[in-house]
Every structure is written in structure tokens, then in C-alpha cells.
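In the text below, chain A, chain B and the rest are named by the order of the sequence lines, each starting its count at 1.
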2 protein chains.
Amino acid sequence: MKDMVKQFDELRRAHLFAQADDAQLATLARVMQEVELAPGDTLFTHGQAAERFFFVRSGRVKLFRISPEGQEKIIEVVEPGQTFAEAVMFMGSQGHYPVNAQAMTDSRLYAFDQKQFLKVLSESSEICLGMLSAMSRRLHMLINQIDGLTLQNATYRLVMYLLEHAPQGLAETTEIELTTPKGVIASQLAIQPETFSRILAKLKRLGLIEVNGNHITLRNLRGLRSLAYVPVPDDTA
Amino acid sequence: MKDMVKQFDELRRAHLFAQADDAQLATLARVMQEVELAPGDTLFTHGQAAERFFFVRSGRVKLFRISPEGQEKIIEVVEPGQTFAEAVMFMGSQGHYPVNAQAMTDSRLYAFDQKQFLKVLSESSEICLGMLSAMSRRLHMLINQIDGLTLQNATYRLVMYLLEHAPQGLAETTEIELTTPKGVIASQLAIQPETFSRILAKLKRLGLIEVNGNHITLRNLRGLRSLAYVPVPDDTA
DNA sequence: ATTTCCCTTTGACTTCGGTCAAGCCGGGTC
DNA sequence: GACCCGGCTTGACCGAAGTCAAAGGGAAAT
């Protein structure tokens, strides 16, 4: 009993399930399956028929596309508490995964069968709204990515990444520990590892940051923001 | 009475409303407002608080972002029968439009108030599913855009555009009438008008297409596809 | 008919980021 | 210790697409 409550709390970390009540989660818990992945394991591939979506319990999964030449572009790295591939279930009768999914580390997931989930969904407007909320977030994220890719240069994107991953505070200086290999970050930002390196070196030369391996010190947040700033009203209502 | 039925059919052109029954649409029809726009009119801007979403009855509306330097990138051109900005309603209590919206032509829209619509939504799982379906389409579209922007070059994107807008058939030759100004297409593909022109000229030189103003003849579909082809299983189940 | 305006095209040049190649560094293994 | 290996960095070079500038062409206005 205690275990189930803990499991529910785990699921509720996802926006998708945040508003669901215990009964609904109990129904879901009955139909979900556990999945374990080792680093490098492929969960599904681009174009494959989509039958389930996933919740990440632990580990990290990368969602990516591959060019004809083998180049890989990571669309998103999914972390514990997040769901992914939910969207596919609504592409008509038979959806196909729009990306590849591969474990970056040992990972434990829950898998939800499309058909069974749709049944739960039709009876729970809470989960339905959670679904819409989760998808809406992804939508915004993708629009921001497109904006960065088309209207901004590589330096902008990298600086944005640093600022987004910095603990937000009032100080002029802050520290970041890169938890992801630099090559992976580069792929997310759609730049080559070489360029990634060079931009970091440039920022260092400009006195804006210091780099020690995966530890980066942002020395001049104002300066960095002025490189990256876009005049968007902030989200505080 | 007849008028209402016609109006319902009009709304049902949108995936969002496709599965809604007459009663639900009647409720919606009661709360929706008509909006008329002249070419160039701004409907909303990036960052503005989002209170309504829209259905296009006639005309065309472009959704776009602007770079600090004033460069414009069109994310999508919305056509009659489509809805847009639905996603914003689920970003917590107070969403903000993630893009600018501006009429390209004289346009007539229906506007739906967020609060009132959410009430209808909570009572109609059909509309909820329609919503999920509409958003899921957008999601796929955006992922494909990102793919094109990061893993493919400008020629690929342009050829893809041509192929997607060609009447699909078995013939080796087909005709396209560009309904959108070339500059607008260029912005959608995230290339400059000059580059757009040059790529068309190149394809012409290669004997793959013929260009007469806005009328384009695809002379060699196999050749074009081989420029653009990506090995993705097709959507036929 | 002529002018104007804007969209489009063409040409010359620039530049950002990619590619290729070589070296570096830290961690694991034997 | 010596070795290897993968991830990262640095340098030299290249090329696709952007920028700047000018000219062509079609439609609307005068």
C-alpha cells in the first residue's frame, strides 16, 4: 500500500499525471510495464509504428534524428520525471515515432500501451488536460529551438544554454557543472563539437567565462545576457 | 437553422472540432467572436498574454518570430479551416503567445476565449481528443522543420517544399502554382530570397524544373526525390 | 503611356561554421 | 609504469549561404 502511494508520487512528477487522482493512477499502474535499458540501447526508431509512450523513472534518454550522412541531431534529452512520445498516440489510427530514442545511461522506464491509455484518457479530463499541458510545453520548446536555429547564431545558442542552466540569482557570477558530455550538448545546439570548443574558448578570451573541464564559471552575466538577450516580456503574470 | 448547420460544417473542417457533435458546437458558437483583418494587421505579438485562440474562415495568417536585427522567420502560414494558438491555453494559468500573428490577406476569423473554451473542453472528451490531435500534428511539423534546418541544406528544404506541394501521382512530370510570394516561402524555409532564387536557377540548370514566374514545372520527379529523399517508412499502415 | 513601387533575379564579395587532420588529456587496463 | 582509447581542443582550409549592390520586370497608379 505504501509502495503504491510512493509510486503515485513518482508518476505525479510528470506534468501529464500531476492532476490525476489515486484511482486514475491505480488504473494506469495496472496497465503499465517496466522497461530497463542499458547505455546505448535503442528504445524505438524514427518511423517505427508507435504503440506505447514512456515515463522516465531514472537515467536519461535522448530523442534524435539522423541525417542521410549519419549526422545526429538531438532534439531533446529526457530526464527522470518526464514523459515522452505521448504525442504520437493522436496521429490517427496508427502513428509512427517521429524520432529515434536511445538510452544514454542505465535507465528504468514505465511504458504505457496506446490503446489502454486512450481508454483511461477518455474517462479522465484531468489526465487529458495534463496531456495538453505536456504537449504545449514541448511545442513551445520546439518553437524556441527553431527561433534559435534560424534567427540566432551558434554563440547565441550556446550562451542561452549556459544562462538557462545557471542557478538564477542576482549575483554577477555563477557556477555551472555540465552534467552532459560536451559533444551531446553540441548536438542539441546543432553545432559541431569543434565549434562548441571554439566558442567556449572565445567566451573565455572575452573574459566572460572560465572553463575547467566540465566546470564553468560565468564571470559576467550582464555581458553574457547582452550577447543573448531577446526582448521578450517575462512570464511573471 | 440551415445557417447554423453550415457554420458547424465550417468549424468541423478543423481537426480540433471534427469530432464534436452539434450540441457542443452550438455551445462554442455562442461564445465565439468574429474577427476581421486587413492585410498587414497584427492579431497578436510574441510575448503578449494569450487570452484567445483562433479559427481561420478565410484569408491567410502568418505566424512568425523576429530576430533582434529585424529578420523575420515564418513558422507557419495558417489557411482556412485551420486553428492556431490553441496550445497556449494550457501553459498554466496565464500563457503568452510564443509567436507573432499577422494577416497576409483580408481575413475573417473566429476567436475563442480561453476560459470559456476550457469549460467546454472539460465537458467534451471529443474536443479534447481533437485538440490533442491538432497539437500532435503541429509537434510533428515542428520536428520536421528542425530536422530540415539542422540536418539538411537549403536545396533539400526547397525541393521538399516543391514535392510536398505537388499533386501526388505516378507521372514523372507535374505542375505547381506558387500561391505564396517567393519571399514568404523563402522565410518559411529559413533562406534568403536571393538564395531561393539561386537554388531555383540551379535546379533549372540541372533540367529538373522549369520556372515561369509562379508556375513551376517539375520535369523529373525521380531526380528531385533523389536530391531530397530520406529513408522514412511511409505513413500507410 | 509613363512613372512608381515592390518583388525578384543576378553578380561580387564576405563570413560563419563545417570539415579534415593532428595533437592533447584523463581515465581505465594490463 | 606504459599503453590505449574516447572525448576534447586547436589549427588550417573550405564552402554554403548571407550580405551588399544593382538591375530587371510586372502590376497598379497617375
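In terms of heavy-atom proximity, B:A85 sits nearest to B:Y97 at CB-CE2, 3.9 Å.
Here the P atom of nucleotide D:dG7 and the CD1 atom of A:I185 are 14 Å apart, to the nearest Å. Atom CD of B:Q152 is separated from atom P of D:dA17 by 11 Å (rounded to the nearest Å). In this structure, A:L149 places its CG atom 17 Å from C1' of D:dG18, rounding to the nearest Å. Atom pair A:L178:CG and D:dT9:P shows a separation of 10 Å (rounding to whole Å applied). A straight line from CD of A:E69 to P of C:dG18 spans 14 Å, rounded to a whole angstrom.
By the 4.0 Å N-to-carboxylate-O rule, A:R52 lies too far from A:D113 to be salt-bridged with it. A salt bridge does not link B:R108 with B:E34: every distance from a Lys NZ or Arg NE/NH1/NH2 to an Asp or Glu carboxylate oxygen is 4.0 Å or more. For the pair A:E10 and A:R57, the salt-bridge criterion is met [side-chain N within less than 4.0 Å of a carboxylate O].
Within the 4.0 angstrom heavy-atom criterion, only backbone atoms of the sugar-phosphate kind lie near A:A190; the bases stay farther away.
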Set out, line by line, the N/O atom pairs under 3.5 Å between protein and nucleotides 24-26 of chain C.
none

Between protein and nucleotides 10-13 of chain C, what N or O pairs are separated by less than 3.5 Å?
unit_1: C:dG11; atom_1: N7; unit_2: B:R198; atom_2: NH1; d: 3.1

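When each of A:R138, A:Q188, A:K62 is checked for a side chain to side chain donor-acceptor pair (under 3.5 Å) with A:E76, only A:R138 meets the rule.
Classification of the B:F44-B:F84 ring pair by plane angle, with boundaries at 30° and 60°, yields tilted.
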